Amino acid sequence: MTRTPVNVTVTGAAGQIGYALLFRIASGHLLGADVPVKLRLLEIPQGLKAAEGTAMELVDCAFPLLQGIDISDDPNVAFDGANVALLVGARPRTKGMERGDLLEANGGIFKPQGAAINAHAADDIKVLVVGNPANTNALIAQAAAPDVPRERFTAMTRLDHNRALGQLSKKTGVPVSEIKKVTIWGNHSATQYPDIFHAELAGKNAAEAVNDEKWLAEDFIPTVAKRGAAIIEARGASSAASAASAALNHVNTWVNGTAEGDWTSMAVPSDGSYGVPEGLISSFPVTTSNGSYEIVQGLEINEFSRTRIDASVQELVEEREAVRALGLI
Ligand SMILES: NC(=O)c1ccc[n+]([C@@H]2O[C@H](COP(=O)([O-])OP(=O)(O)OC[C@H]3O[C@@H](n4cnc5c(N)ncnc54)[C@H](O)[C@@H]3O)[C@@H](O)[C@H]2O)c1
Ligand SMILES: O=C(O)C[C@H](O)C(=O)O
């Protein structure tokens, strides 16, 4: 039987993450090697020509799974029938811009996009927000989509999760494939907390195996948390291929499930678990199956972790207060 194609909407399609993402979606890395897709690309008017160029290249790849590409600058068109939405396009911080200005500018993007998702997306819509500040942009889009179940709005901390795996592997020599149960808590920002106290390295507790709290506090945590800035410094542009790869991982895991004995990190609406105020879109350890996720329960949080989780969550609280004051949620 021929499968119905899945409609995947990508915003910011002509940007650098978009360029690293679209070819892999079309070749089956988002949903699976047997799932046909239709791409719906959203750009601002100035980005349409470049998006058309990318669409020409996608056609030229003759991907067997790609069953159509539509391009629009109208969110109501781009989200029509969307089953998966990757909200990548965002307003970057420019010189002289305060955090409040950044949140307001992004409100102008994510509020109408949330409303368009509410009005036009498919009933099974799953949303991943990549564009920064990702957690709070997801909150803005969610607030504008009251008819969509709130748990369908998520933000990306999978890149941070993957960065943590990479750093642990580099330190210990244990291959990434044998590292499990790493967690990113909180915001996708420099306050995030990469936690290895529950992680396993080749079956052994990672914090015990590493046994080096100085490295943990002074090297591992800041390296992971500030990796985005380090990439910008080195490349002169923010992470693109690794961000695209993490976005594919996030959705693929959400749809197809976490491996037995492992979990992943996703920023999802809090249900109050681990003292994170309800409704904040904060990163947690989650397991997924049958297209749903659950926050891992019952983990013991030591003092070292508690302070760091609370600091990142406090930043999210402040961002929520700021967008509330701006009338965005
Ligand atoms: N969550 C993460 O882990 C993570 C990692 C890396 C980058 N990011 C963020 O992802 C975002 C995109 O990064 P990039 O490198 O692709 O940026 P980019 O500037 O190369 O591309 C952004 C694209 O979005 C488009 N755009 C802007 N407003 C739009 C709108 N209203 N509708 C549709 N498209 C719109 C722009 O025209 C541009 O083509 C940035 O906010 C970046 O900070 C997040
Ligand atoms: O775009 C940025 O500011 C950095 C990005 O969020 C990243 O983590 O690489």
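Remember, it's 1-based here, ligands and their atoms both numbered in the order they're listed. Computed from a predicted model, the values in this text were never measured in an experiment.
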Straight-line distance of Ser265 OG to Asp195 CG, nearest 0.5 Å: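 Nearest 0.5 Å value for the OG-CG distance: 9.0 Å.
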Contacting atoms of ligand 2, where contact means under 4.0 angstrom from a heavy atom of [X]:
{"X": "Ser239", "answer": "7 (C), 9 (O)"}
{"X": "Ser238", "answer": "1 (O)"}
{"X": "Arg163", "answer": "7 (C), 8 (O), 9 (O)"}

Where's the contact between His188 and ligand 2, heavy-atom distance under 4.0 Å: side chain, backbone, both or neither?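 For His188, the contact with ligand 2 is made by the side chain alone.
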[X] and [Y]: which non-hydrogen atoms are nearest, and at how many Å?
{"X": "Lys181", "Y": "His198", "result": "CB-O, 3.5 Å"}
{"X": "Ser283", "Y": "Thr157", "result": "OG-OG1, 2.7 Å"}
{"X": "Ala155", "Y": "His250", "result": "O-CE1, 3.6 Å"}

Kindly confirm or rule out a cation-pi arrangement of Arg308 over Phe304, judged by NZ or CZ under 6.0 Å from the six-membered ring centre and within 45° of its axis?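 Positive - Arg308 is close enough to the ring of Phe304 and near enough to its axis.
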Between ligand 2 and Asp160, is the shortest N or O to N or O distance under 3.5 Å?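 So ligand 2 has no N or O lying under 3.5 Å from an N or O of Asp160.
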Give the protein residues with at least one non-hydrogen atom closer than 4.0 Å to an atom of ligand 1, ordered by chain and number.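 Residues within 4.0 Å of ligand 1: Gly12, Ala14, Gly15, Gln16, Ile17, Leu42, Glu43, Ile44, Val88, Gly89, Ala90, Ile109, Gln113, Val130, Gly131, Asn132, Met156, Leu159, His188, Ser238, Ser239, Ala243.
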Passing candidate, side-chain hydrogen bond (donor to acceptor under 3.5 Å, both in side chains) with Trp263, options Thr183, Thr288, Thr287, Thr253: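 Only match with Trp263 under side-chain hydrogen bond (donor to acceptor under 3.5 Å, both in side chains): Thr183.
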Would you kindly say whether Asn135 and His188 are connected by a side-chain donor-acceptor distance under 3.5 Å?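 Result is no, nothing qualifies.
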Given Thr54 and Leu22, is the side chain to side chain contact (heavy atoms under 4.5 Å, CB included) satisfied, shown in steps? CA-CA 9 Å; Thr54 305; Leu22 294 170; 3.8 Å; yes
Pair Asp160, Trp185 - check side chain to side chain contact (heavy atoms under 4.5 Å, CB included), show working. CA-CA 10 Å; Asp160 311 296; Trp185 299 91; over 6 Å; no
Among all protein heavy atoms, pick the one closest to atom 2 (C) of ligand 2 and tell me residue, atom and distance.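 Going atom by atom, the protein heavy atom closest to atom 2 (C) of ligand 2 ends up being Asn132 ND2, 3.6 Å.
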